[in-house]
Amino acid sequence: MSAPSSVLVVGASAAGLATAEALRRKGYQGGLTVLGAEPHLPYDRPPLSKQVLSGAWDPERAQLRPQTALSSLDAEFVLADPAVGLDVAVRTVHTAAGRALRAEAIVVATGLRARTLPGQADLTGVHVLRTLDDALALRADLLTASRLVVVGEGVLGAEIAATARGLGLEVTMAGPLAAPLAGQIGPSVAGLLAELHTERGVRLRLGAGVDRLTGQDGKVTGVRLDTGEVLPADVVVVAIGSDPATGWLTDSGLRVENGLVCDSRCRAAEGIYAVGDVARWHHDRFGTLLRLENRTNATEQANIVAANILGDDQPYCPVPYFWTDQFDTKIQVHGVLPVDAEVTVVEGERSARRFVALYHSDGRVTGVLGWNMPKQTRLRRQEVVDALPDFVSTH
């Protein structure tokens with residue numbers, strides 16, 4: 001299989017840029033275009049809820065590469081022009097500005113869109129955090145506010161709560177689960193995270209759903225829980241998850257179900273690939289479709305996609321990984337952490353808040369979690385790799 005004469009990457013994201021860089025690194029010399037919905041050159045998202053939101057970083061520091069590095073890619077960046085349609089038969093992407101961009105190979109890297117609450121758009125002072133502009137708008141509001149309510153107890157909500165406490169705000173976190181990250185790391189360690197947030201002054205109003213936002217004169221004034229309690233707020237952040245940005249693919253004929261569905265080579269159709277948060281691909285070692293929302297996956301998957309575009313035939317079978325920084329705590333996770341898993345501390349001590357825990361399910365190690373022990377956590381990752389099933393499908 002010869003390399004395509006042209007490649008179009010739809011999404012000027014970390015995953016999109018990593019794909020372009022991997023193509024050039026592997027010797028691809030054809031035409032290369034990167035289409036982005038935002039006006040910004042590719043930037044990193046993890047710092048948005050931490051360093052950018054806190055003001056520790058200028059926004060420019062979140063840019064993934066300096067201009068010289070981007071220029072050396074010899075790629076055309078078409079920015080501030082969202083994709084609105086894809087004609088698979090002729091591999092042409094149509095944009096909001098009326099462009100029709102054609103390429104022999106197309107990589108979908110459009111990422112996610114933040115979920116919102118009913119009535120959110122009618123009130124000022126209510127934010128989501130997905131883009132650089134979102135982070136800057138939220139920071140501007142936080143600098144003149146005293147009370148923040150974060151709706152959502154996942155990774156993003158917990159990080160925002162921690163950052164806002166660092167800025168001196170009164171912070172309340174609301175959500176249906178019993179503890180921060182309970183859905184990602186299980187109840188045992190999530191309980192320890194709840195203790196950390198409480199000690200640092202975050203009010204936890206967890207275990208109850210949100211009924212609605214309250215407002216006066218078009219400005220948000222609080223969050224009403226389904227228990228009837230109203231949490232007063234000057235600013236509200238809605239961090240209730242995201243959905244894959246696939247609306248523009250509705251009429252493409254491609255299979256779109258919680259992401260763009262791909263085979264184990266991250267291929268959705270002949271000449272059409274997906275990478276990053278939007279890609280839902282067949283993981284041959286898990287024997288199931290998988291979609292991962294993290295920075296590490298964006299880079300690793302991009303490398304495989306670039307190789308396959310250039311004629312390789314490589315399945316993508318990563319060990320899932322994510323990390324989060326909250327206050328002075330770094331939590332790192334390799335593998336899968338079922339909420340009903342048996343959790344065993346194998347290094348360090350929970351009481352010292354420096355430990356590594358293994359998660360067992362059906363007698364097999366499925367994941368490892370490290371709390372402020374990065375080196376030891378990385379070494380224990382191999383136990384997760386060794387316990388993975390052999391290839392169950394060559395889908």
Side-chain angles (χ1 to χ4, degrees), residues 45-46 48-50 111-112 114-115 128-130 150-163 173-198 200 202 204-210 237-244 258-259 276-277 280 283 286 288-298 300 318-327 329-345 350 353 355-361 364-374 377-378 380-381 384:
R45 295 188 193 276
L48 298 185
S49 58
K50 298 178 281 286
L112 305 169
R115 293 178 189 148
V128 296
L129 180 49
R130 176 65 194 162
V150 178
V151 179
E153 73 292 90
V155 172
L156 181 61
E159 289 182 351
I160 293 169
T163 300
M173 186 192 305
L177 299 184
L181 274 69
Q184 287 96 345
I185 61 178
S188 173
V189 181
L192 193 61
L193 193 58
E195 291 176 16
L196 175 67
H197 276 262
T198 300
R200 297 304 179 93
V202 177
L204 300 181
R205 288 293 181 269
L206 301 176
V210 169
V237 176
V238 177
I240 55 174
S242 304
D243 295 310
N258 183 29
D277 298 344
R280 185 167 176 237
H283 193 300
F286 291 157
T288 188
L289 289 171
L290 194 65
R291 189 174 66 80
L292 298 178
E293 298 179 9
N294 64 70
R295 181 67 180 78
T296 304
N297 176 66
E300 293 180 348
V319 174
Y321 170 74
F322 77 88
W323 80 95
T324 177
D325 295 327
Q326 299 173 34
F327 301 109
T329 295
K330 177 179 284 290
I331 297 172
Q332 295 163 295
V333 173
H334 297 275
V336 179
L337 310 184
V339 294
D340 59 350
E342 178 186 340
V343 182
T344 307
V345 173
R350 277 178 60 115
R353 293 189 182 168
F355 65 91
V356 179
L358 292 181
Y359 285 60
H360 292 80
S361 187
R364 183 170 61 87
V365 176
T366 62
V368 57
L369 177 146
W371 184 301
N372 282 342
M373 293 188 83
T377 306
R378 191 166 56 251
R380 289 279 183 170
R381 173 187 183 274
V384 181

**Request:** Begin from the C-alpha positions of Gln332 and Arg378 and carry the test side-chain contact (heavy atoms from CB on, under 4.5 Å) through to its verdict.
**Result:** CA-CA 9 Å; Gln332 295 163 295; Arg378 191 166 56 251; 5.5 Å; no
**Request:** Please assess Trp371 against Thr377 for the test side-chain contact (heavy atoms from CB on, under 4.5 Å), listing each intermediate value before the final yes or no.
**Result:** CA-CA 8 Å; Trp371 184 301; Thr377 306; over 6 Å; no
**Item:** Verdict with supporting geometry, Arg130 and Arg45, side-chain contact (heavy atoms from CB on, under 4.5 Å)
**Value:** CA-CA 8 Å; Arg130 176 65 194 162; Arg45 295 188 193 276; 3.5 Å; yes
**Asked** Under the side-chain contact (heavy atoms from CB on, under 4.5 Å) criterion, do Leu196 and Arg353 qualify, and how do the steps go?
**Response** CA-CA 10 Å; Leu196 175 67; Arg353 293 189 182 168; 3.8 Å; yes
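Counting only heavy atoms from C-beta outward, the side chains of Arg115 and Val238 never approach each other to under 4.5 Å. You'll find the side chain of Asn258 reaches within 4.5 Å of the side chain of Pro244, heavy atoms only. Using a 4.5 Å heavy-atom cutoff, the side chains of Leu337 and Gln184 are not in contact. Put simply, the side chain of Val155 reaches to within 4.5 Å of the side chain of Leu181, judged on heavy atoms.
Between Arg280 atom CZ and Arg291 atom CZ the span is 8.5 Å, to the nearest 0.5 Å. Interatomic distance, Leu204 CG to Glu195 CD, rounded to the nearest 0.5 Å: 10.5 Å. Within the model, atoms CD1 of Ile331 and CG of Asn372 stand 8.0 Å from one another, a figure rounded to the nearest 0.5 Å. The CG atom of Asp243 sits 12.0 Å away from the CG atom of Asp277 when rounded to the nearest 0.5 Å.
Residues Gly183 and Val339 come closest through the heavy atom pair O-CG1, 4.1 Å. Of all heavy-atom pairs spanning Ser242 and Glu293, the tightest one is O-OE2, 4.3 Å. Taking every heavy atom of both residues into account, His197 and Ala158 meet most closely at CE1-O, 3.3 Å. The shortest heavy-atom contact between Ala179 and Ala190 is CB-O, 3.5 Å.
Formation of a donor-acceptor pair under 3.5 Å by the Tyr359 side chain with backbone atoms of Ile185 is found in this model. The closest donor-acceptor contact from the side chain of Glu159 to the backbone of Ser49 lies at 3.5 Å or more, if one exists at all. Distance alone, capped at 3.5 Å, places no donor-acceptor pair between the Arg200 side chain and the Phe327 backbone. Under the 3.5 Å distance criterion, the side-chain polar atoms of Thr366 are matched with a main-chain donor or acceptor of Val336.
Each of Val365, Val333, Leu358 was checked for a side-chain contact (heavy atoms from CB on, under 4.5 Å) with Val384, and the lone residue meeting it is Val365. His334 pairs with exactly one of Trp323, Tyr321, Phe322 by the ring-ring contact (aromatic ring centres under 6.0 Å, His included) rule, that one being Tyr321.
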